[in-house]
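In what follows, chains are A, B, ... by sequence order, proteins preceding strands, each numbered from 1.
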Protein chains: 2
Amino acid sequence: MQLISRTSEYALRAVIWLVQPPARSQTTRQIATGTRTPPDYIAKVLQSLAKAGLVRSQRGLGGGFQLAGDPAQITVLDVINAVDPLERIHTCPLGLKAHGTNLCPLHCGLNDTALQMEAAFAKTKLADLLNGAMPSIPLGIKLQPDRRSPVPA
Amino acid sequence: MQLISRTSEYALRAVIWLVQPPARSQTTRQIATGTRTPPDYIAKVLQSLAKAGLVRSQRGLGGGFQLAGDPAQITVLDVINAVDPLERIHTCPLGLKAHGTNLCPLHCGLNDTALQMEAAFAKTKLADLLNGAMPSIPLGIKLQPDRRSPVPA
DNA sequence: GCTAAAGCGGATGTCAATGTCCAGTTTGGC
DNA sequence: GCCAAACTGGACATTGACATCCGCTTTAGC
């Protein structure tokens, strides 16, 4: 069981990649290489992020993707919700009349846990994933914007 | 995105069903009907629970399943781990040498969240899902052990 | 010991998430 | 204006979780 879907994971890697300097427009291929994600799939994920307004896309020669907002504002939850929203439990999946609007203890508890998780994701801003509060370097480091410098294997 | 897999959900429903009085041996079919789970699938889930030692199975006429331990001891986490363990992140999925044993900030954070979730699940005992701390009745209520009394639709 | 009720386990089917492919559109540089 | 770089969107392929099927084994009751 995974905490988040692979799609969400890829989306997070992509936006973190875009947050890192130099904040130049990055092509799908650059992002795919830099984040080690399937190129043709990350393309789809980037579409979702663009539709959600988290990234801006630019077509044509010299185009690519850029973060659309402030890294200090955008949260991990924003990113996840853009590509694969985590579902809450609104009605008991058992469809019990007896439970009415309320949830049974089990699903009440599960829902609580989901809310906790959501809160944790909402608290973490993209910017938090950059600076030294954390032990290691975010992903790889993009060096020159044009120099092929994916990530040391 | 679901918090827990359907398999885990089914497993939880099953053990909760078994916790509820009367604590008589319940057949796969009784459990399936009572918890509204696919009969042939819950059978597999029950196998897993049995292998993990959470339930005892009895073959032959009059057989079925019973909870193997103390409802005040068994946790939601125990049940989940028996059928679909939630995975922790031990090494950065990017395979970055730069990160070594450490995780990058992203996966460090995700791992933290996973641990929180695990803690929440570990805190909840099966018995907690029964008594009145919660608003509504656990699942349905099993009335007579033999009387067909699944759950009011 | 025969029979029917019940769990056991392997083989197979289904479906949504993931991943790939390709033709179309936009756009900067010459 | 032409070309090549790049995103866009639809169609298709793959995979693993979920679900079903069926024959085998165990066991209580007669």
Please report the distance, rounded to the nearest Å, between [atom1] in [X] and [atom2] in [N].
X	N	atom1	atom2	result
B:Asp84	D:dG16	CG	C1'	12 Å
B:Met1	C:dA16	CE	P	17 Å
B:Leu61	C:dT3	CG	P	15 Å
B:Arg56	C:dC8	CZ	P	13 Å
B:Leu46	D:dA19	CG	C1'	15 Å
B:Glu87	D:dG16	CD	P	13 Å
B:Gln30	C:dA5	CD	C1'	12 Å
B:Arg29	C:dA4	CZ	C1'	15 Å

Kindly give the heavy-atom pair with the smallest separation between B:Asp128 and B:Lys123, and that separation in Å. OD2-O, 3.7 Å
Looking at A:Arg88 and A:Leu115, what are the two nearest heavy atoms and their distance? NE-CD2, 3.0 Å
Contacts of A:Gly62 and A:Arg6 projected onto DNA chain D by closest heavy atom; the upstream (5') one is A:Gly62
Nearest heavy atom decides the nucleotide; on that basis, is A:Gly64 or B:Thr7 closer to the 5' end of DNA chain D? A:Gly64
Quick check on [N]: is either OP1 or OP2 less than 4.0 Å from any side-chain nitrogen or oxygen of [X]?
X	N	value
B:Gln26	C:dA6	no
B:Gln47	C:dG7	no
A:Tyr10	C:dT18	no
A:Tyr41	C:dC21	no
B:Ser57	C:dC8	yes
B:Arg59	D:dC24	no
A:Gln58	D:dC7	no

Closer to the 5' end of DNA chain C via nearest nucleotide, is it B:Thr28 or B:Lys44? B:Thr28
Sequence neighbours left out, cut at 3.5 Å: what donor-acceptor pairs do the side chains of residues 37-44 of chain A make with other protein atoms?
residue : atom : partner : partner atom : Å
A:Thr37 : OG1  : A:Thr35 : OG1          : 2.9
A:Tyr41 : OH   : A:Thr7  : OG1          : 2.8

Side chain B:Asp84, main chain B:Ser8, donor-acceptor under 3.5 Å: no
Rounding to 0.5 Å, atoms CG (B:Leu126) and CG (B:Asp78) come to a distance of 8.0 Å
